[in-house]
Amino acid sequence: MFRSNRAGWFFILPAFVFLGLFKIVPIGVSVLESLRQTTYTGRSYFVGFENYTYLFFEDPTFWNSFWITLIYSLVVNPLIILIALVMALLLNENRFFTKFFRTVFFLPTAISFAVVSVIWSVVLDPHYGLANGFLTLFGLPAQPFFASTAQALWCLVFLNVWRSAGYWMMYFLAGLQNIPESLYQAADIDGASAWTKTRKITLPLLSRTFAFVLVANTAFNFLTFAPVYIITKGGPRGSTNLLMYESYKSAFVNLDMGRASAITTILLGIILIFSLFEFKWTKAGFEY
Amino acid sequence: MRKAFLLGLFLLATLLSAATLEVLWMGWPKDQVMPLIEEFQKQNPGVEIDIQLVPFGQLFQTIEVRLSSGGGTPDVYIVDGPNTASYAARGYLLPLDDFFSTQEKAAWFPSSIVAGSYRGKFYSVPYGTSSAGLFFNKEIFEKYGVPLPEESLDARMTWDEVAELAKRLTIDTDNDGRPDIWGIVIEQIDRPYLLFPLAQSLGAQVLSPDGLTATGYITSEKFVEAATFYWKLFNEWKVAPQGVNDSAIAREYFGTGKAAMLLGNEWNIVRLLKYPEIRFGLSPFPIFPGGTAVTPTGSWHVGINSKTKKQELALKFVKYITGKEAVIQWYLANGVAPARPDVYEALPEIFMHPMWQMFLQEMKTTAVTRPLTPGYSQYELILREAFNSIHYGAPPKQALEDAAKKIDRELSKYK
């Protein structure tokens, strides 16, 4: 018993080494960095929680970015998951058309977010964009899209949904294929309707996949950076200034590593809280 | 045999890397830059120039990231004049006094040499300089019966006059409630470079004399007054389009007759040739009533990475690219004002043009360089974001106060 246990540790050792080296250590470094400040010559000194108190009580942009990040995440995550789930449910049959659409819906994921950003910034350009061309063609008023404080964040949400929904759909499809056919056959014998089968069999048995997708997707979206950097630069009027971009600017333009690390540490904390909450909420009540 | 092959490969690799110079350059159109690079490679057989063209919007951040990593590359990089102090203070630039004699330095305008120096040492070689003015589309003025501005330094318009013209020339031709012709576009809509002169014309200082404090300067009554005028252009009078964040798009507005006036740089004399169908004139950079005339200036310089392993080759390239012949070719392709008087003398048929004479006169008499501070890139970015917010409708005073607070925090590390 004892020996097999030790073997187990050896088996996971490589994973632990890499996890430690490439995840835990950098996180630790970043947290320590958030307690320090650096002069322009590169000399760094300990300042305690000064970076945090500055962010919380004095910084003119932090709270705006904080709320925008929160709103963005609270909208984009449920939306992506809902759309991915619906697409997966609709495409969970092996017919020619479903295979075709699975591929089509998955395609945007194969494009890097940077390229997606460039493509959509051209399409949604308020002055020369394709989207406004279509709108005016149908007699609708042209829209400012990324040039409007009211629309920019929602354009960002749209971009992300467009790119990510197909990706998470694949996880849901994998989860759906794992549900034993026999359960549906039993339900058929009992005369259950399609809706009842979905509600009573499919969704409950999908809960583990759901938990994974929810947590992974949430963490992923809190770190949205590329479209902000490429399209909006946080504007107009800070309406898309997500925390990750604010942290980047702080680190690489303002050379304020302390503030940048404090922001990423706060971001890490938020993601941790969300993940724990989501794990608790989606905990599968049974096994099959 | 295999050993010899590997050794040969290794030697070849070292040889190749020794003769490759990595250059980080502003993202100008390839067809303007590459002929100069090819010419250098032709003059220096076996030398490979790996030039990386980075778009303006990402350029300064790319330079920061590349240089802060502390490697020897890029060997040569383009430097915006006011960033010289920032890079020099952190040891990113090779001091060049030993490699440029006083006689050699005399080839550039003295003000450009000053802009390329920090604490008495010469760090970045001047490549261009600049000036700006108010271009106007003569056809639009004539079509709507508005008298043409006089193209003379003696007839410098006030901003109030410009605003009146802009109001008259903001025209909704198809009655859809959105202007089809705008009164004015600003080429670099939120860049302090082009907007400082508004505040300076009112007598505002844009940064403390030691270059380390913004509060009390960009928050001064005069600075806020200038920013409020700027705010009104977009938000009260609505004579300028919001969100034209790219200078090429601003030029497109003007060049295609969608804007009556363009507040822009000297390079438009060349770059507007792309739009042969418009006739345009040039009025001097406006002032506020009772204010002093101020124009922006300064431009690109070229610097050498202090950690480069190919110093000799880097110097050769820098002397070539900033030399008379290359700059002449460069001007003809791109239009940025040369920083060398000998180029102006070499092309009299171009620089005797009245528009050029106006810009040259402005450079001599009204040009004010951007503030000298080791934290220029931080100062510029934060102030630019403030201007961008103001043009989208943020209250000027609040936006500038927030910006000053952020700038002061970032500049305090240079104290």
Side-chain angles (χ1 to χ4, degrees), chain A residues 37-45 50-51 54-55 58-62 64 114 118 121 124-129 132 136 139-152 229-239 241 245-246 248-259, chain B residues 55 57-58 60-66 68-70 86-87 89-91 176-178 190 241-246 249-250 252-253 256 258 374-375 377-382 384-395 398-399 401-407 409-415:
Chain A
Q37 268 173 17
T38 316
T39 66
Y40 72 98
T41 50
R43 196 175 61 82
S44 128
Y45 55 97
E50 201 276 345
N51 289 320
Y54 178 80
L55 283 177
E58 289 186 62
D59 196 293
T61 43
F62 174 74
N64 175 52
V118 172
S121 73
L124 295 178
D125 186 280
H127 313 287
Y128 299 101
N132 271 339
T136 44
L140 296 163
Q143 297 300 317
F145 300 117
F146 283 115
S148 148
T149 43
Q151 295 179 8
Y229 175 64
I230 291 169
I231 309 173
T232 65
K233 299 267 184 293
R237 285 185 73 178
S239 62
N241 198 22
Y245 180 68
E246 185 59 29
Y248 161 82
K249 264 190 314 194
S250 211
F252 294 112
V253 184
N254 295 337
L255 315 174
D256 193 343
M257 273 298 171
R259 180 174 179 269
Chain B
Q58 274 101 54
F60 300 130
Q61 297 169 25
T62 308
I63 292 175
E64 282 301 335
V65 175
R66 290 291 304 274
S68 63
S69 74
S86 163
Y87 301 153
R90 284 179 284 154
D176 66 349
R178 284 159 37 93
D190 52 8
Q242 289 176 331
V244 184
N245 290 331
D246 185 315
I249 294 178
E252 187 82 12
Y253 265 79
T256 55
K258 289 196 176 76
S377 53
Q378 291 93 301
Y379 169 75
E380 204 255 5
L381 175 87
I382 296 169
R384 176 151 56 94
E385 286 184 335
F387 276 127
N388 198 286
S389 290
I390 292 169
H391 112 275
Y392 273 123
Q398 186 61 48
E401 277 169 4
D402 286 351
K405 195 169 184 183
K406 284 195 264 183
I407 291 168
R409 174 181 159 96
E410 303 309 342
L411 291 186
S412 69
K413 58 176 165 278
Y414 295 97
K415 281 184 177 159

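Bear in mind that the values here come from a model prediction, so they are computed numbers and not experimental data. Per chain, numbering begins at 1; letters A, B, ... match sequence-line order.
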In Å and rounded to the nearest 0.5 Å, what is the [atom1] to [atom2] distance from [X] to [Y]?
X      : Y      : atom1 : atom2 : result
B/Q61  : A/K233 : CD    : NZ    : 6.5 Å
B/K413 : A/M257 : NZ    : CE    : 10.5 Å
B/S389 : A/N241 : OG    : CG    : 9.0 Å
B/N245 : A/T232 : CG    : OG1   : 10.0 Å

Between B/K406 and A/E246, is there a side-chain N and carboxylate O pair less than 4.0 Å apart?
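Answer for the salt bridge query: no.
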
Identify which part of [X] has an atom lying under 4.5 Å from any heavy atom of chain A, answering side chain, backbone, both or neither.
X      : answer
B/F60  : neither
B/I390 : neither
B/Q58  : both
B/Y253 : both
B/E410 : side chain

Taking side chain as everything from C-beta outward and backbone as N, CA, C, O, which of these in A/P236 sits under 4.5 Å from a heavy atom of chain B? Side chain, backbone, both or neither.
both

Looking only at non-hydrogen atoms, find the nearest pair between [X] and [Y] and report the distance.
X      : Y      : result
A/N254 : B/Q378 : CA-CG, 3.3 Å
A/A147 : B/Y392 : O-CE2, 3.0 Å
B/P395 : A/R237 : CD-NH2, 3.8 Å

Just do the side chain to side chain contact (heavy atoms under 4.5 Å, CB included) check on A/T61 and B/E385 with the steps written out, would you?
CA-CA 11 Å; A/T61 43; B/E385 286 184 335; over 6 Å; no

Non-neighbouring partners of A/E58 that pass side-chain contact (heavy atoms from CB on, under 4.5 Å), sequence neighbours left out:
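Scan of A/E58 (side-chain contact (heavy atoms from CB on, under 4.5 Å), adjacent residues dropped) gives A/Y54, B/K405.
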
